[in-house]
Amino acid sequence: MKKNFRAAKNFSNRQEVENTPLSMDSCMDDMETADAEASLTTPVKTSALRKNEFVVLQGHPCKIIDLATSRPGKHGHAKVHIFGRDVVTGKKYEDISPSSHVMNVPVIKQKEYIVVDMGDSGFLSLIDNSGYLRADLRVTDDVMKKTIANKIDKPGNENIIVTVMTILGIEIVMSVKTGVK
Amino acid sequence: MEEQIIAELEGASQVVLAPPNLVTHEQRQAAENVILQFRKTKMPYNICKHILEKCKTDYVLYQAATTIQESVLREWSVLSAEDIESLRSFLLRYITQHISLQSYVREQILQSVAVILKRGTLDVKGASLDGLFQDVTQLISSGNVTMQLVACSMLTALLNEYSSSSRTSNVGFTWEFHTKCKRAFEESDLQKVFLFSLQMLNEIEKQPSPLARETTAVLNRFLSITEQVLCWDFTPRLNMLKRNVGYFDRDQSVTLKPHDKWRDCLLDSSLTQLMFRIHQKVRHNSEMATHSIQCLTQLASLNGAVFTDDKSRTQYLTNFVESFLVFLSSVDLQDYECLGIACIFKNLVMMFPSICLSSLPSALYEKFVDNLQKFSCSFGREAALEEALHKDDTVHMESYEKMLETWMELLTSKKDNIPMEVVKKHALNVFNSYVQCHISPPDGCRMQNTVDSPDDDEDIDETEEDDRDKFSDQLCSVGALGRLTIESSITMVTRAMEDRITRLHGQLQRIHQTRVSSGNINSSFDHTIINILHEDLHWLVLVAAHILTEESEGETPMIPSEIMQYSIKQSTEIDLNTTLKVLASPSDDITTIPGGSTHTDNVIRLISSIFRLCEVEKKAVTAKMVDTLSPQVTSSVMWLLKRWCRSYLLPDENYYSEVSKALWSGFGRDTDGAQWTISFLLDKVLTSLNAWSAEDSTLMDTLIFLVTLMDNKARAMFIVKCEGLWTIARLVAQSSEPFCNLPAKALKLVYKALVLAGTGVDTQMSAEYWRLVLQSLQEKFYSVITRPDFTKMCHCSEIKETIIKLLESLCGVAKGSRVTNIDNIFDYLLPLLQECVKLLDLYHNYEDVVPLILELLSEVVQKQVCFLNRERSNKLYEVCLSAVQTYSKHNTGKHGINTRDAEEERFTDVLLVMELLTNLLTKDFVDFGETDENSSNTTTQAVCPVDVVFYGLNTIIPLMSEDLLKFPSLCSQYFKLITFLTEMHPDKFTSLPEELFKSLMTSLEMGLVSYGPDISKLCMDCVYSLGTHVFQHNLVGTLIHNTLKHFLKVLFHMLMLESFNMDLLDTASSALFCLICCHTEEYQHLVHEILNSHIDQAYKSRLLEAFNNLTPPSLGLTVSRHNKLIFMENFNKFLINVRGFLCVR
């Protein structure tokens, strides 16, 4: 992951992609232009799922933490036991699916914003690439909140940039760094 | 004074035995010291006697006994013969007078007696064992059971000490001393012990059953003693194997091979009878039965000098077999007897030559084989039950395997010299019973609840071994039995197969109709019947595969001669056209073909039933009923076809003296039959890939079959003429179904198969074929990496997946290249490899991409570098150098940490880099490349492979920590690489950076001692190469020269004093010799050191003489082949001479 951030410095386009299991078109879509409804998930064969990628387990967007294949009896067909962790709540979910069946994989979008300020409750003031300002995004994770707060307190020439991931329509602040914009 | 010592010891023993929470560590240590000090007391005999008489603490008694034992050995030279004898008799008397002793104390005292006796074996001071035997006789004749048991313990202790095995106590005698005592003991006393126990067995046997409880206890002990004698590993009179010199832990199971002095007692026919009667008597007690049956098993293996000629062997065998058969007919076996019975059968057949078996009275011989058959079948049935019920105890399975091994012995080495008609007759029953146990009723008897019963509904782990591997030995034997009885066996298997396929077809049709009428094509159904059929078919396919084909590792696969002969024999009765009609009609039931079931060649009929199974599966796939099929059955079928096609499809007539017309018309070269068969099989492969893209192992079996189909040039030439292959190539080129759905690792096999097939394309079609296969792949590759946003998007998982698939495909291309097209394939791959190096940079952080690129490079180097000309190989070296540089850039200083819990797979990249580096060196060994003198490029500075390797080593060596070397594959690859390098380029090691050189040497030293004989050998080779280089270039005073001094010490100690594998002797002597040449002074120093460590003058002078003979003045201490060979010879003698007393236990 670190490498991606390093590479990102050179990009004029501030979108950065990582760990996106899905169509590359979706990676390039701009939030504003994409049809949010249609591209929340895509179907993927269970046998093609990989560890550390994403999948929807019982309605929750999860990162796959483990996969195990087994067969029900000698002449049965392979099935996959999927263990995942909800990317929003951190709760664990699991599911079993025949390996030839299809599962929903969430479409991931990522976008970088420059942080202007953060309120006490964790609401961020952000500017995006095109200069559009928004203040509706809240940091829920305490560690993340603290990191951002520290960076805001420390004056410097560089901007504070957060990476926001959109998954199943939910926006989460994934990481924060400083960089020149 | 004495009371005070006792009190002190009692106090100390209390502390030592106290639980950890009651005493401190220091207290415990102090107490242990008190005891250890006591054990070192000079002349402690009186005080020990006093302790034994007076003290009540068991632990102190135990220590007193130990002290006596140690002191006697220590002070042997100052003790008189009477002192020793009185001590011995005191100890034995003491035992008889204190019958309530704790058993560990009693055993320790008896052990002391035995050790004292053994110490005296070769000494004038030692008493003969006669005194002891007298005492033992008295004890036994006393009629007191406790005394008798003490006598037994005494004899057991004696056997343990004299056996010089792992049971012997560790008292610091030399190996030579142990062996001499053992040999002396074997001369007479061992037989005395044996006769003693036989006498007891005889007496007890005469007593009426049931035996009293006490008598049973005594009987049990004597049986165990008898067993120990019969399992004795007799010292060979001559030719002691040099590998055994200095070894204490020997293989436990040995055959009974006593000296000729045992003739009278062992060949006495009453002995065998007695042992069978005894077994009859005790067989309901599992512990005693184990002893008695072990005695019988050993008697069944009797061989060696006791027999004067084959006549006496035959007589013994006749006698044994008679008693054995009488016993078998009179009882129902207990479970715990089965393995022993099987071992008796096996030993009799293995240990007695054919001449003895064939000289048995014919009725007896027939009855013997009949029993062999009867018990094989019965163990087989029980084994199948065990398997079905998932029992942990697999005694029947083990017994069954022993019985099958016995049959294999009859079928292979014995077959030409024994009456085989009888064997054949009974072999069929064994074969039939095996098949019956694995298929369902009515013709089979497999337990119905084995599949899908509630018990069996558990998930099967991915890692569970496939039946074909788990039972491969069994299946192999059963296949051989089937071929022996081919006329009946093939019909049985074919009938069962045809029946199951017809029933499966019917079931599938019913399910289909239900689904069509209900309108739900996915509606569920009852799996019970269909799973029974799947299981039957799975086993029938495995058995059929083993009948039709033999293992042919490393040989040209052939149609087994039994099959060929059988098919030829039928030629007069069959109709060739009908046979071909049956073969070509897989969709029809054979009964619907006129004359099909009567005039078809039976071999072809069996094969066509497999085809029919393929056809039924294909139809189900087409009807979207994959869910009703078993991936396991398809896997087994594909595996059968893989084995089958190697020998049957397009066979080479020149390999056979006679050929079957039917088989040749069906599958021979340039026949319509073969044409049809290949199309059929290719179509089946496509269907299977479509159906099973989510079943990894089935997919892989299918593709391995496809690769095997192409991996022979004659077949490839034929197959490329088939439209089916072109269809596959086109689908692959267009990434159409099923190939777009396959996982990446499957594509490797797809491309391997296609490139292999390419060698068979004629020049006319060649361009078209390669355009389809290779060019399309190249285009796909470039279309991804030349995307303008590639560097930005490459981490996106979809692009990454595409890259992984492309890399696997390229690897398949490399794997499929052959000598004939190596230049073309190389020219094709080279620019792609250059791109791959860039990918290595981009994806350096991805554990799933990096290994693929390294594997691809390594594969290309391994397959091709030896055949490339100078110009091409230089280009390859350049690519490898830049790859290694890229890898180093990202990995220097990595790893090392956190290796403790990590799994081996995490270090695949390190392993692959080492593999790549090792492969790079191969051109130095073998070079078939054309020399291209006229090439214009000779002026340009070429990359030297060894520089690439050393560049890589700079990265690798710091990574190879002690933890990483614990992984066997990494360890062996690493040392293989270093060995290669030291052999080819020792000069490079003198100029290595000091840090690097030091860590290299540290790893080498660890390799010498820590990772087993194979690695030791590699390291000794390294030392040899380096030593030779240092000597020849006179590098005295350099770092490498000084380092070797240390290695001399390490190796010297290893060879002289530690137990090392004597198989490495030749390598070790070479290494040692060149080290001696480099460091003669240090060597002399070491020799003096070891000489001075010996106090015993006799040993000292022997050792001195041995060292003088090792390097006599006539031997020049210069590294040359001649001197090396002389030294090797000397060293061999030296070790046999001195290791015996240098190795101590």
Side-chain angles (χ1 to χ4, degrees), chain A residues 1-8 10-28 42 44-55 63-64 67-81 96-103 105 107-110, chain B residues 450-453 456-464 466-467 527 530-535 537-538 626-635 691-699 741-744 787 789 791-802 804 842-848 890:
Chain A
M1 271 198 200
K2 264 185 197 137
K3 190 195 166 286
N4 296 349
F5 296 145
R6 219 181 310 135
N10 306 325
F11 295 159
S12 52
N13 183 340
R14 288 177 200 149
Q15 280 175 352
E16 177 61 14
V17 178
E18 57 171 74
N19 284 329
T20 317
L22 293 173
S23 87
M24 38 207 180
D25 295 337
S26 68
C27 307
M28 295 189 294
T42 43
V44 170
K45 222 177 196 180
T46 311
S47 61
L49 292 176
R50 297 281 173 270
K51 211 168 146 175
N52 291 329
E53 290 177 3
F54 297 90
V55 72
K63 186 167 187 167
I64 301 171
L67 289 164
T69 314
S70 64
R71 279 192 286 156
K74 200 157 153 190
H75 300 284
H77 293 224
K79 55 186 186 180
V80 184
H81 203 143
I96 298 177
S97 160
S99 67
S100 55
H101 283 205
V102 163
M103 299 200 59
V105 167
V107 174
I108 312 273
K109 288 172 198 163
Q110 289 188 8
Chain B
T450 54
V451 180
D452 251 31
S453 70
D456 220 68
D457 217 15
E458 294 160 27
D459 283 358
I460 294 178
D461 203 306
E462 222 181 347
T463 56
E464 182 95 356
D466 202 302
D467 287 336
H527 283 267
I530 216 157
N531 273 346
I532 289 171
L533 292 172
H534 283 322
E535 180 73 1
L537 284 166
H538 163 67
V626 178
D627 61 321
T628 59
L629 296 177
S630 156
Q632 173 72 67
V633 170
T634 310
S635 276
W692 303 114
S693 64
E695 296 284 339
D696 263 1
S697 56
T698 311
L699 207 51
N741 293 329
L742 297 188
R787 286 168 57 128
D789 56 351
T791 39
K792 203 178 86 189
M793 300 297 293
C794 64
H795 304 290
C796 155
S797 74
E798 185 173 341
I799 301 244
K800 199 183 81 187
E801 193 64 34
T802 314
I804 288 175
L842 271 179
Y843 286 105
H844 71 270
N845 236 346
Y846 288 85
E847 278 177 32
D848 44 354
H890 295 295

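A note on names: the letters A, B, ... follow the listed sequences, proteins ahead of strands, and every chain is numbered from 1. Values reported hereafter were calculated over all heavy atoms of this structure, with side chains retained and with hydrogens, waters and symmetry mates removed.
- Of the two parts of Ser47(A), only the side chain, counted from C-beta on, holds a non-hydrogen atom closer than 4.5 Å to a non-hydrogen atom of chain B.
- Side chain of His77(A) to backbone of Thr628(B): no donor-acceptor contact under 3.5 angstrom is found.
- Using a 30° and 60° split on the angle between ring planes, His844(B) and His890(B) fall in the parallel class, below 30°.
- Contacts between Ile530(B) and chain A at a heavy-atom distance below 4.5 Å are absent for every atom of the residue.
- Side-chain N or O atoms of Ser630(B) include none that pairs as donor or acceptor with a backbone N or O of His534(B) at under 3.5 Å.
- Looking at Ala48(A), there are no atoms closer than 4.5 Å to chain B (heavy atoms on both sides), in backbone or side chain.
- Taking CD1 from Ile64(A) and CZ from Arg50(A), the interatomic distance works out to 9.5 Å, rounded to the nearest 0.5 Å.
- For Asp848(B), no part sits under 4.5 Å from any heavy atom of chain A, backbone or side chain.
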